[in-house]
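Residue numbers start at 1 and run along the sequence shown.
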Amino acid sequence: MTNNLQFEFTLDKEAKTVYITREFDAGLSLVWDAFTKAELLDQWVAPKPWSSRTKHMDFKVGGRRFYAMVSPEGMERWSIQRYTSISPKTNFTMYNSFADADENPELPGSEWNYTFSEEGGKTKVSITIYNESLARMEKMIEMGFKEGYSMSMINLENLLATLSKPS
């Protein structure tokens, strides 16, 4: 694994936007799959000791992922992601909202834009998260989003290293 991989996390409260750039020592196809397949997402997206459990996912324009972050005590925090555009292996966008266990969204939500690029065997993922309200963005921050997402990126880096090893 390469130790000098790019990781930037910027908050712009005025624009109600979070900018994340993360580089991975893995090929584009593998990184794309890690962001777009439920069986891989559930292995990395939750910061430890939490886990992720996808109830259903249909990665297509108009499709959605309904999943929970589950605490060690079994508390569930549900979210819905609705996919709004997909350009295979280069970009996808989605609308994300917290929800209850019956898939009733808690609005306002946020728009996520993921861009993928590969150079020299490393894959860079740039994520822009536009929040519909400053209050929602502040709630994300208060819930420890930066710390949690940073931990999730380490989980993903470890998963990619495992999946990249020759069998």
Side-chain angles (χ1 to χ4, degrees), residues 1 7 9 18 20-22 24-86 88-89 91-116 123 125-133 135-165 167:
M1 295 276 7
F7 182 43
F9 191 105
V18 178
I20 303 168
T21 301
R22 181 63 157 87
F24 297 97
D25 194 10
L28 177 63
S29 291
L30 183 58
V31 175
W32 175 263
D33 286 351
F35 278 87
T36 61
K37 294 185 175 180
E39 63 274 13
L40 295 176
L41 278 163
D42 282 343
Q43 293 182 56
W44 69 266
V45 78
K48 304 291 180 211
W50 288 63
S51 61
S52 172
R53 186 177 73 241
T54 298
K55 188 168 184 180
H56 54 260
M57 180 172 173
D58 190 13
F59 186 71
K60 66 178 187 181
V61 174
R64 71 187 191 288
R65 176 179 182 228
F66 181 55
Y67 73 102
M69 294 283 196
V70 184
S71 76
E73 302 77 33
M75 182 185 76
E76 299 172 332
R77 187 67 174 120
W78 291 92
S79 291
I80 302 170
Q81 299 173 334
R82 297 190 187 280
Y83 301 105
T84 51
S85 72
I86 299 171
K89 299 192 180 170
N91 178 269
F92 73 90
T93 60
M94 68 177 185
Y95 182 81
N96 183 79
S97 59
F98 297 120
D100 65 18
D102 296 319
E103 275 190 81
N104 297 305
E106 295 175 17
L107 300 176
S110 56
E111 297 170 14
W112 293 55
N113 184 338
Y114 294 80
T115 301
F116 298 77
T123 300
V125 182
S126 299
I127 306 166
T128 302
I129 307 165
Y130 170 75
N131 291 275
E132 291 182 329
S133 76
R136 184 185 194 283
M137 182 176 174
E138 289 175 338
K139 179 180 179 181
M140 282 175 52
I141 295 165
E142 289 168 15
M143 292 172 64
F145 178 75
K146 180 178 182 179
E147 298 79 9
Y149 208 79
S150 297
M151 291 169 65
S152 294
M153 293 290 97
I154 293 168
N155 294 344
L156 176 54
E157 185 175 325
N158 293 334
L159 176 63
L160 293 169
T162 301
L163 296 174
S164 296
K165 286 182 183 170
S167 3

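Using cut-offs of 30° and 60° on the angle between ring planes, the pair F116 and W32 is perpendicular.
One N or O on the side chain of W44 and one on the backbone of A34 form a donor-acceptor pair closer than 3.5 Å. Checked by atom type and distance alone, the side chain of S152 pairs as donor or acceptor with a backbone atom of V45 at under 3.5 Å. Under a 3.5 Å cut-off, the side chain of N131 and the backbone N or O of R136 do not form any donor-acceptor pair. At least one donor-acceptor pair closer than 3.5 Å links the side chain of T123 to the backbone N or O of A26. Judged by distance alone, with hydrogens and angles left aside, the side-chain atoms of N155 form no donor-acceptor pair with the main-chain N or O of Q43 at under 3.5 Å. Between the side chain of T93 and the backbone N or O of S85 there is at least one donor-acceptor pair closer than 3.5 Å.
In terms of heavy-atom proximity, W50 sits nearest to M75 at CH2-CE, 3.2 Å.
Using a 4.5 Å cut-off on side-chain heavy atoms (C-beta onward), R22 and Y149 make no contact. For the pair L160/D25, no side-chain contact is recorded, criterion being any heavy-atom separation below 4.5 Å from C-beta on. With a 4.5 Å cut-off on side-chain heavy atoms, L41 and Y67 do not count as touching. Side-chain atoms of S79 and N96, non-hydrogen and from C-beta on, do get closer than 4.5 Å to each other.
Identified under the salt bridge (charged side-chain N to carboxylate O under 4.0 Å, His left out) test for residues 92-114, with sequence neighbours left out: R64-E103, R77-E106, E106-K139.
Going from atom CD1 of I141 over to atom CE of M143 covers 12.0 Å, rounded to the nearest 0.5 Å. Atom CD of E157 sits about 10.0 Å away from atom CE of M153, to the nearest 0.5 Å. In this structure, OG1 on T128 lies 5.5 Å from CG on N113, to the nearest 0.5 angstrom. The CD atom of Q81 sits 13.0 Å away from atom CG of D58, with the distance rounded to the nearest 0.5 Å.
Under the ring pair (Phe, Tyr, Trp, His ring centres under 6.0 Å) rule, Y83 has a single partner from W112, F59, Y114, which is F59.
For S97, the side chain to side chain contact (heavy atoms under 4.5 Å, CB included) test picks out I80, Y95, P105, L107, with sequence neighbours left out. With sequence neighbours left out, V70 forms a side chain to side chain contact (heavy atoms under 4.5 Å, CB included) with S51, R53, A68, E76.
Between F35 and F92, a ring centre-to-centre spacing not shorter than 6.0 Å is recorded.
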